[in-house]
Amino acid sequence: MKERKLGRGVAMVGAGMSTFGAFAGISTRDLLADAYRDMIATVDRGFDPNEIDGLYIGNFSSELFEGQGHTAPIMTEWLGLAHRPATRVENACASGGTALRQGVMAIASGLYDVVLVGGIEKMSDLPIERATDALATAGDKLFEIPSGFTFPAFYATMASAYLDRYGLGAEVLRAVAVKNHENGALNPKAHFGQRIADVMASKKAAAAKKGKPVPQWKDIEEFFADDRANPMIAWPLRLFDCSPVSDGAACVLLVREDLALQFTDTPIRIIGTGQASDGALHGRPDITTVTSARIAAGEAYAMAHVTPEEISLAEVHDCFTIAEIVATEDIGFFEAGKGGVAAIDGVTSRLGARPVNTSGGLKSKGHPVGASGVAQAVEIWKQLRQEAGPRGIGANARLGLTHNVGGTGQTSVVHIFERR
Ligand code: COA
């Protein structure tokens, strides 16, 4: 593989996000303003917004979700950054990660010194059928969408192929859901802030309050198998295998590395970036792996001169539970077929040997699609600076990785971050 280099070093000196959730009547511009305020509060020595040279905003489809196109310049006005060059970046659910990469490249090229990277999406205003159709446009309109494919169906196809190839059952999927809800419960910005056990207790309490029969699940397995509490969405994926339809925004402030100490004593350097593309799912020879993710990860590792074994934690694109399992294999944490077993064994849990999705991931933190890739960087920022509160993985965390996928893997973007 060709080894690529950044022309100049790039560091993250601030990172913030809005709360993720379903917020009727709140637009992406207000969500990004929240994230921007949150980010400003994290820049230890403060900064003058006039220093921002340009903006890159990841956004999948404000046209379909909000009826608003040409979103990036609107954000400059809303954030008080008038006249700064602002570019919207669209790569489906990898829009945020791709925007981050554009920001890195703008600084590395020598063009800009200070860049604001944002990610935004407002999805919950549409009824679910229309949101599902809007998301499906990230598939292939010629071959896939006319066959009735939706995103749950795409990932269900991958899941059934994966489980069949490795002789596994849905227990590997459930282990990811349980873990990510555990982590999300420790994240005050998460869309779903409840552990599965808490969800069960809430549902029992709600039934009792309404005078309805109270469900008598013996354990989480019974809850997961209950077609009412955890309905089948697209076999073998049930409700708790899916990320939700979320609203939210995230942003990070990038600067030329040699300026970073003017902003903070603890910058987080971006030492690797990789991106790759692929055709749509129907044409791929193997749907139990995402080739573009393997290539993007390889490129990022080579640039950063680190190996998967050295990574302290990863935020990966778990839009469905199967996606996390495949992702942990594609980024080299586990051999093919072993990612789900690693989740069952607790290896990927917060205090396990290879923590994955300490934020709660897309599954529990939420998945406002254009924001997700940037929110992953926000979690790495918090973890590497030991600012993740009760979900912190400890002082030894030095290297973090983000893995952001568009569609079923037509785009993958991987970044590697370092605290020195
Ligand atoms: N995980 C767990 N619980 C969920 C959930 C999810 N993904 N989505 C909704 N819920 C819960 C709600 O909180 C609500 O709970 P309550 O009854 O206790 O209040 C209940 O399920 C019904 O919520 P609702 O919003 O009516 O669900 P829905 O049927 O409209 O949507 C899905 C459920 C799975 C269809 C939807 O979340 C979805 O499409 N997810 C995938 C999004 C996607 O494809 N993103 C792109 C990926 S690449």
Side-chain angles (χ1 to χ4, degrees), residues 20-24 60-61 64-65 91-97 121 123-139 144 149-159 173-174 176-178 180-181 184-185 190-196 198-207 209-210 212 215 220 223-224 226-235 237-248 280-281 290 293 316-324 326-327 360-373 403-412:
F20 284 6
F23 307 117
F60 169 44
S61 192
L64 295 176
F65 287 121
N91 254 342
C93 305
S95 299
E121 209 77 57
M123 301 166 71
S124 74
D125 279 353
L126 292 187
I128 187 66
E129 326 69 78
R130 285 185 56 208
T132 302
D133 284 349
L135 289 165
T137 63
E144 294 174 341
F149 269 94
T150 60
F151 264 86
F154 282 126
Y155 278 88
T157 308
M158 294 162 82
L173 308 175
R174 310 294 178 247
V176 172
V178 170
N180 289 354
H181 275 265
H191 187 152
F192 294 130
Q194 282 190 317
R195 298 176 310 134
I196 300 292
D198 300 329
V199 175
M200 292 164 65
S202 302
K203 286 190 180 292
K204 285 182 181 175
K209 196 168 168 197
K210 288 183 192 154
K212 292 189 173 169
I220 287 180
F223 170 76
F224 276 144
D226 181 338
D227 289 331
R228 286 173 64 91
N230 189 24
M232 194 60 77
I233 301 295
W235 190 90
L237 303 180
R238 290 175 179 265
L239 181 66
F240 279 83
D241 292 302
C242 305
S243 60
V245 167
S246 308
D247 309 327
L281 191 71
V290 173
V316 306
H317 197 93
D318 60 325
C319 50
F320 298 91
T321 47
I322 183 64
E324 173 170 314
V326 171
L362 281 45
K363 171 72 215 51
S364 172
K365 182 183 61 194
H367 185 25
V369 292
S372 287
H403 156 282
N404 187 204
V405 169
T408 53
Q410 293 98 315
T411 300
S412 291

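In listed order, ligands and their atoms are each counted from 1. All heavy atoms count here, side chains included; hydrogens, waters and symmetry mates do not.
- For atom 40 (N) of ligand 1, the nearest non-hydrogen atom from the set Ser243, Cys319, Ala206 belongs to Ser243.
- Every heavy atom of Phe154 sits 4.0 Å or more from the atoms of ligand 1.
- Smallest separation of non-hydrogen atoms from Phe223 and Val199: CZ-CG1, 4.0 Å.
- When all heavy atoms of Ala156 and Leu237 are compared, the closest pair comes out as N-CD1, 3.5 Å.
- Residue Cys93 has at least one heavy-atom neighbour below 4.0 Å for each of these atoms of ligand 1: 48 (S).
- At distances below 3.5 Å, at least one donor-acceptor pair connects side-chain atoms of His181 with backbone N or O atoms of Gln194.
- Counting protein heavy atoms under 4.0 angstrom from atom 12 (C) of ligand 1 gives zero.
- Considering backbone and side-chain N/O atoms, Lys363 comes within less than 3.5 Å of an N/O atom of ligand 1.
- For atom 23 (O) of ligand 1, no protein non-hydrogen atom is found at a distance below 4.0 Å.
- The shortest N or O to N or O distance between His367 and ligand 1 is not below 3.5 Å.
- Annotation: Leu135 places no N or O atom under 3.5 Å from an N or O atom of ligand 1; distance criterion only.
- Proximity of the aromatic rings of His191 and His367 is defined here by a centroid distance below 6.0 angstrom, and this criterion is not met.
- The protein heavy-atom contact nearest to atom 7 (N) of ligand 1 is Cys242 O, 2.8 Å.
- The nearest protein heavy atom to atom 37 (O) of ligand 1 is closer than 4.0 Å.
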Chi angles and distances behind the side-chain contact (heavy atoms from CB on, under 4.5 Å) call for Glu324, Leu362 = CA-CA 10 Å; Glu324 173 170 314; Leu362 281 45; over 6 Å; no

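- Side-chain contact check for Phe60 versus Cys93: every heavy-atom pair is 4.5 Å or farther apart.
- The option from Asn230, Leu239, Ile128 that lies nearest to atom 5 (C) of ligand 1, judged by heavy atoms, is Leu239.
- Closer than 4.0 Å to atom 29 (O) of ligand 1 lies none of the heavy atoms of the protein.
- Nearest protein heavy-atom contact of atom 17 (O) of ligand 1 is Lys203 NZ, 4.1 Å.
- Note that atom 47 (C) of ligand 1 has protein non-hydrogen atoms nearby, at separations under 4.0 angstrom.
- Counting heavy atoms from C-beta outward, Asp125 and Phe65 have side chains that stay 4.5 Å or more apart.
- Checking side-chain atoms of Asn180 against main-chain N and O of Ser364 turns up no donor-acceptor pair under 3.5 Å.
- Within the 4.5 Å cutoff, no side-chain heavy atoms of Met158 are placed close to those of Phe320.
- For atom 19 (O) of ligand 1, the nearest protein heavy atom lies 4.0 Å away or farther.
- Closest protein heavy atom to atom 4 (C) of ligand 1: Phe192 CZ, 3.5 Å.
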Verdict with supporting geometry, Tyr155 and Thr408, side-chain contact (heavy atoms from CB on, under 4.5 Å) = CA-CA 7 Å; Tyr155 278 88; Thr408 53; 4.2 Å; yes

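- Judged purely by atom type and a 3.5 angstrom limit, Asp247 uses its side chain to pair as donor or acceptor with the backbone of Ser124.
- By the definition of a contact as any protein heavy atom under 4.0 Å away, atom 43 (C) of ligand 1 is in contact.
- Taking every heavy atom of Phe151 and a limit of under 4.0 angstrom, the matching atoms of ligand 1 come to 44 (O), 48 (S).
- Judged by distance alone, with hydrogens and angles left aside, the side-chain atoms of Ser412 form no donor-acceptor pair with the main-chain N or O of Val405 at under 3.5 Å.
- The ligand atoms of ligand 1 that sit less than 4.0 angstrom from a heavy atom of Pro244 are 7 (N), 37 (O).
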